[in-house]
Amino acid sequence: MLLAQLFGILFLVNAFTIGGGYVMLPLLHDFFVTKYHWLTNQEFLDAVAIGQISPGPLTTMNAFIGFKVAGLAGAAAAAIGSYLPSLLIATFVTKHYLAFKDSRVVAAVFNGIKPVVVGMLAAVALQLGGTSAASLPALAIVAGSFLLMFFTAVDPTFVILGAGIAGAFLF
Amino acid sequence: MVEGRKPPSLRQLFLLFLKMGALAFGGVYSMLTFFQRELVEKRRWLDHDAFAEGVAIGQITPGPPIVNTGIYIGYRLKGLRGALATTAGQVLPGLLMVILLAYGYAQWKTIPLLTAVLKGVGAAVVGLLASMVVKMGRTQTRTAAAAAFAVAGFLLLHFLKVNPIVLILLAGTAGWFLYGRA
């Protein structure tokens, strides 16, 4: 039963990987290309590209895989399989976190974690900057979007749209 | 919830996440910046502490981190139905676009243009993210110890490429030693 298989594979991959889209790619490739031959290598690469150009999480690419394998029903089975583990596990963790967050131990643990998250995000910004800000026009977009977001209350929507339009002309 | 703020309705929560899901081109970090701007700064449904907790919980739970962070936010504001609303809202637009692209898959001709557009967006996301980091830094590093934690997180990830999950676990352990045993 193809739909159940699709659902099952994506449920398992999402339930057992921590870290998101890119961490899952080798596993997905192994299942869909190597083991079941449902996709060619090129189709898999296209799925990744489509996931990247669409808004939202990369995992929306799983719907593309589902669609290639079993049409619209396949896309639906893939999407549900991808997000159900999160709905179960993250909800469970959040519920218990909120119940215990005022306890001294949990509060202390998160007092350590919160500033580290900021440091990690700074490292990510720097790393993304290294690949995205490779030319002078790109650097100008980085600087412009930083200044707009930092000093004005502009909606990020307009920054993203503006940068997309600029990209169409510049790159 | 920030003190004294009325919680959003389920419908408001869903529509906001739908909007962010449709507009956050450029990957997960673009979406994260939207969360910070819309939920913390504009609507003040969350403060920076709750937001940072949500980011951390998103990272250490299985599945896509940004979806997990959305679930944390939805659950915190509106319980289980809130978690469903934020998940559906943030993934539906992307799913729709992916399926449309799958239909037109054979005759893509617009991809080079789209690639150029996304190069611009990618550069903007760096600026958005940097601005978010500076703003979060101001609320999360008020003590010398917290600042040292942030710097350590940056250095360990940037130079030593320590696995982010390991890093969060280390930070939690260090926090427990430092703050938990008074």
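Lettering follows sequence order; numbering is per chain, from 1.
For Pro156(A), the parts sitting under 4.5 Å from any heavy atom of chain B are the backbone and the side chain alike.
Asp49(B) and Lys114(A) are joined by a salt bridge, as a carboxylate oxygen and a charged side-chain nitrogen come within less than 4.0 angstrom of each other.
The candidate from Ala90(A), Ser82(A), Ser86(A), Ala63(A) with the greatest count of non-hydrogen atom pairs under 4.5 Å with chain B is Ser86(A). In terms of heavy-atom pairs under 4.5 Å with chain B, the best-connected choice from Ala125(A), Pro115(A), Gly167(A), Ser132(A) is Pro115(A). Counting heavy-atom pairs closer than 4.5 Å to chain B, the top-ranked of the candidates Ile89(A), Val23(A), Val124(A) is Val124(A). If you tally non-hydrogen atom pairs under 4.5 Å between each of Leu170(B), Leu169(B), Leu23(B), Val55(B) and chain A, the highest count goes to Leu23(B). In terms of heavy-atom pairs under 4.5 Å with chain B, the best-connected choice from Leu161(A), Val93(A), Val154(A) is Val154(A).
Using a 4.5 Å heavy-atom cut-off against chain B, no residue of residues 29-41 of chain A qualifies as contacting. Within residues 72-80 of chain A, the residues that have a heavy atom under 4.5 Å from a heavy atom of chain B are Leu72(A), Ala75(A), Ala79(A), listed by number.
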| Where do Val126(B) and Ile141(A) land on the side chain to side chain contact (heavy atoms under 4.5 Å, CB included) test, with the steps shown first? | CA-CA 9 Å; Val126(B) 177; Ile141(A) 295 178; over 6 Å; no
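Taking Tyr29(B) as the reference, nothing meets the side-chain hydrogen bond (donor to acceptor under 3.5 Å, both in side chains) condition, with sequence neighbours excluded.
Among the candidates Thr59(A), Thr17(A), Leu58(A), the single residue satisfying the side-chain contact (heavy atoms from CB on, under 4.5 Å) test with Pro64(B) is Thr59(A).
Residue pairs meeting the salt bridge (Lys or Arg N to Asp or Glu O under 4.0 Å) criterion with at least one member in residues 56-66 of chain A, sequence neighbours excluded, do not occur.
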